[in-house]
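Just so it is clear, the structure is predicted and the values come from calculations on it, not from any experiment. Protein chains get the first letters and strands the later ones, always in sequence-line order, with residue 1 at the start of each.
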There are 2 protein chains.
Amino acid sequence: MFTELPAEYRPLTLDTISDYVYSRPELREVFHDGEPLDAVEVGDGNLNYVFKVWAKADPERTIVFKQALPYLRLVGEDWPLPTDRARIEAQALEIEYRLCPEHTPRLYFFDPKMYVIAMRNLNHHIIMRKGLIQGIKYPHFARHIGVFLARTLGQTSDLALDYRTKKIEVARFINPELCKITEDLIFTEPYRPTERNRFHEQLRPQVEALQADEALRVEVAKMKEKFMTHAQALVHGDLHTGSIMINQEETVVIDPEFAYYGPMGFDIGAVIGNLLLNYASHEVRTPDPAARADFRKYLTDTIIELWGVFLGEFQRVVWDQVDPVNMPKGYQDDYMLRLLHDSAGLGACKMMRRVIGLAGVEDIRGIPDPDDRAIAGSLALNIAQVLIMNRETFRTIEDLVDAATACRPTYPWKG
Amino acid sequence: MFTELPAEYRPLTLDTISDYVYSRPELREVFHDGEPLDAVEVGDGNLNYVFKVWAKADPERTIVFKQALPYLRLVGEDWPLPTDRARIEAQALEIEYRLCPEHTPRLYFFDPKMYVIAMRNLNHHIIMRKGLIQGIKYPHFARHIGVFLARTLGQTSDLALDYRTKKIEVARFINPELCKITEDLIFTEPYRPTERNRFHEQLRPQVEALQADEALRVEVAKMKEKFMTHAQALVHGDLHTGSIMINQEETVVIDPEFAYYGPMGFDIGAVIGNLLLNYASHEVRTPDPAARADFRKYLTDTIIELWGVFLGEFQRVVWDQVDPVNMPKGYQDDYMLRLLHDSAGLGACKMMRRVIGLAGVEDIRGIPDPDDRAIAGSLALNIAQVLIMNRETFRTIEDLVDAATACRPTYPWKG
């Protein structure tokens, strides 16, 4: 939680990072002691410094260093954040790497005095969100992320862990301050007038109607309760397309500093919700109807495929291993259906906050024209509202996709 | 968890207890140093030594000492149990006493080296189960237990605690070994053939039919999942009528060593389920139809009243304090309805295990005639099955009571 900073804690700088690298024996397999290094600070997040370091003699010998800051960078020192989250991130990375090394960056070390994590530099990858905004398709993504979700969620749950390990892990991953950010920014503030909401002025009528909708607030409250009480699995906790490094061959999930024991649907819903935010953005980002339909079909096919892969891998790594007397087939089917409902509801909350709340996504907030931006935001809100309100009617992933693709923007008001 | 015993740990005996009493300054307000004491060992539980100690000069100056043994007494040293549960019990008692001193024994101290808890001796009370078996009515019980449940559950949940305290409390009350007992004995073993089940031979056809019922095992699996993942409130964890000390004026809940963060319905359901086990026992314990109907009406009126008191007190201490924008009335109503469903389902599991599983209840297993005993057990199983299978159809507590009272025993098979 909030602990005193160790006396050795120093924020890394471009001037100090080389000496720091030389001081770490874990990096001798990558860098020779004292060899010339280049470095750049690349943190586009709000919580950390991120440095990429490489050997001048061979840029392929490279490591990323992520150092937790004791406050939220976006806001400044007014919003203190515990550096303990770096421990959480390192321990979550270790577990994810053990369960799914194909899609997790290798961890070189965690330095508990400097709150520094050293890991593989994904220097041939881009942030998935940027690729999707450009309309790039990633044909293996659905399979990769479906496997990642099934293994990291299924195999950290009570369904796979022994009773004692699960409970000790719940305690180890208690992450109050970062969970609080989610509780406030995703489940509370978007549904009431607050200073920190940042929606487009054109969307005000739609946002105000949504905030006035008590039935919606009831469903959001249930989702918040689920986030706060359902200790189902070790979730990544922030699995949007900005936490995925990707190229045509490889998919790597980074940044699990929000990890804690929560509902599996929060991660699955984050992936689906962010694909649908991108879907909404192409309403205006891709004016050509054929090109738009083509890319959207890629996005919805991806949602359908990733859920199918998730079901198959979950069957293999979880259900095929359990005792069918106490967990009969009917229970297993019901469990997966409830995961679908949770994913729809929790994913919907993640979509709405990206349009209404403090932290947006570039897919939508990066659209230059304010009317275009509002059209995309309006569509995203309508998709989210249908997903959360109708979630318990979905029997299959196709039902979810059909509900989403039937939505249209409400804005512009005069058609 | 499993820690080494401190070097100072010694099992208390009748020979050593006086010196132990004199050594504790917290008891100077009760006993004079060195004054003659009388003591008796009264543990009828399976996990602990329990000593009652009083001043020879004045038996009203009296204290109970409860010492955790490092194994389960019922089974012997083959089933080791962590003495850490004494810490859990002491810390749970402190919280319950703060929230509801009227119905919690005062704690004098917890000795972390001897795993001894010293608390008020409830020497004018009897174990409620014994009273109910004798057909004694407790007119204030419904009000007392309704208040106890509302305060101890509502005020340890996310609805009342700040985000950080709740999460720290979840970690503090991680209680793997005692939760494992519940997971095995309540949610797993009764639903499959195992050596440790101990049902009456006459009930074999009914038990085998129940174990063969996949739809029932699906619902039990959902209840087990809820027990293992739903960190809703600090629950007592073992709130049957053997954990309640009572007389005509006072009700005191003891023995929260199974406490952990779990579903509120586990405690509420334990109370309701144990009242219904007693209800089933009077099928044969009270042969006179008018007397039987009268006592059963007391039991079902108690269930209806305790739920009503619970709703009212929960409204006062929880819902009246929350923000109605993010937790609108519709959410509050839905929350309480889900608690009713959870209580029905979890209480049903606690009923079934008392007939089928290792640990029975005197209400039923204490019936001398084996046919009579099987009739009561059969009725208890039928009530439990209706509660768990139909729980989501209940809109009110009267629906639950009506479903229970409509049940009849299946045994004797030939009517």
Side-chain angles (χ1 to χ4, degrees), chain A residues 1-2 157-159 162-177 179-180 183-184 187-189 191-193 211 214-222 224-233 260-263 322-335 338, chain B residues 1-2 157-159 162-177 179-180 183-184 187-189 191-193 211 214-222 224-233 260-263 322-335 338:
Chain A
M1 325 277 157
F2 278 110
S157 75
D158 284 300
L159 303 174
D162 75 276
Y163 74 98
R164 193 184 297 145
T165 302
K166 153 78 190 304
K167 292 170 179 75
I168 292 169
E169 290 294 88
V170 168
R172 192 160 72 111
F173 285 100
I174 294 279
N175 196 356
E177 306 306 325
C179 283
K180 174 69 168 160
E183 291 159 21
D184 289 346
F187 294 110
T188 306
E189 297 183 6
Y191 307 98
R192 58 187 308 134
Q211 290 177 341
E214 175 165 331
L216 175 69
R217 278 186 279 115
V218 168
E219 298 310 310
V220 171
K222 291 184 197 170
K224 184 177 181 181
E225 177 191 331
K226 196 172 279 283
F227 179 84
M228 294 179 82
T229 64
H230 195 44
Q232 189 176 27
Y260 80 111
Y261 262 79
V322 305
D323 183 311
V325 175
N326 287 110
M327 293 192 201
K329 183 68 167 58
Y331 171 68
Q332 301 176 15
D333 291 345
D334 180 79
Y335 193 101
R338 286 185 282 127
Chain B
M1 324 287 157
F2 278 109
S157 75
D158 284 300
L159 302 174
D162 75 274
Y163 75 97
R164 195 184 295 145
T165 302
K166 153 75 188 310
K167 293 170 179 75
I168 292 169
E169 290 295 88
V170 168
R172 193 159 72 111
F173 285 100
I174 293 279
N175 196 357
E177 305 306 324
C179 283
K180 173 68 168 163
E183 291 159 20
D184 288 346
F187 294 109
T188 305
E189 296 182 8
Y191 307 98
R192 57 188 306 135
Q211 290 177 340
E214 174 165 333
L216 175 68
R217 279 185 277 116
V218 168
E219 298 311 311
V220 171
K222 291 183 197 170
K224 182 176 181 181
E225 178 191 330
K226 197 172 279 284
F227 179 84
M228 295 180 81
T229 64
H230 195 44
Q232 190 176 27
Y260 82 110
Y261 262 78
V322 305
D323 183 310
V325 174
N326 287 111
M327 293 192 203
K329 182 69 167 59
Y331 171 68
Q332 300 176 15
D333 291 345
D334 180 79
Y335 193 100
R338 286 185 284 127

**Salt-bridge present (K166(B), E183(A); N to O < 4.0 Å)** = no
**Request:** Would you mind reporting whether K226(A) and K222(A) have side-chain heavy atoms less than 4.5 Å apart?
**Result:** no
**K329(B) side chain reached by V218(A) side chain, heavy atoms, under 4.5 Å** = no
**Request:** Begin from the C-alpha positions of R192(B) and R217(B) and carry the test side chain to side chain contact (heavy atoms under 4.5 Å, CB included) through to its verdict.
**Result:** CA-CA 9 Å; R192(B) 57 188 306 135; R217(B) 279 185 277 116; over 6 Å; no
Flag the one option from [options] with the top tally of heavy-atom pairs under 4.5 Å to chain A.
{"options": "E214(B), Q232(B), R172(B), Q211(B)", "result": "E214(B)"}
{"options": "D333(B), D334(B), V170(B)", "result": "D334(B)"}
{"options": "A233(B), P263(B), G330(B), A231(B)", "result": "A231(B)"}
{"options": "F187(B), Y335(B), Y260(B), Y191(B)", "result": "Y335(B)"}

**Message:** Going by side chain to side chain donor-acceptor pair (under 3.5 Å), name the residues that satisfy it together with Y331(A), two or more places apart in sequence or in a different chain.
**Reply:** E225(B)
**Prompt:** Partners of S157(B) by side chain to side chain donor-acceptor pair (under 3.5 Å), sequence neighbours excluded?
**Reply:** none
**Fill in**
Comparing M327(A), K180(A), K224(A) against chain B, the one with the most heavy-atom pairs below 4.5 Å turns out to be K180(A)
**Prompt:** Which bit of V220(B) comes within less than 4.5 Å of chain A, counting heavy atoms only: side chain, backbone, both or neither?
**Reply:** neither
**Prompt:** Of the backbone (N, CA, C, O) and the side chain (C-beta and beyond), which part of P193(A) lies under 4.5 Å from a heavy atom of chain B, both, or neither?
**Reply:** neither
**Fill in**
When the 4.5 angstrom heavy-atom criterion is applied to R338(A) and chain B, the contacting part is side chain
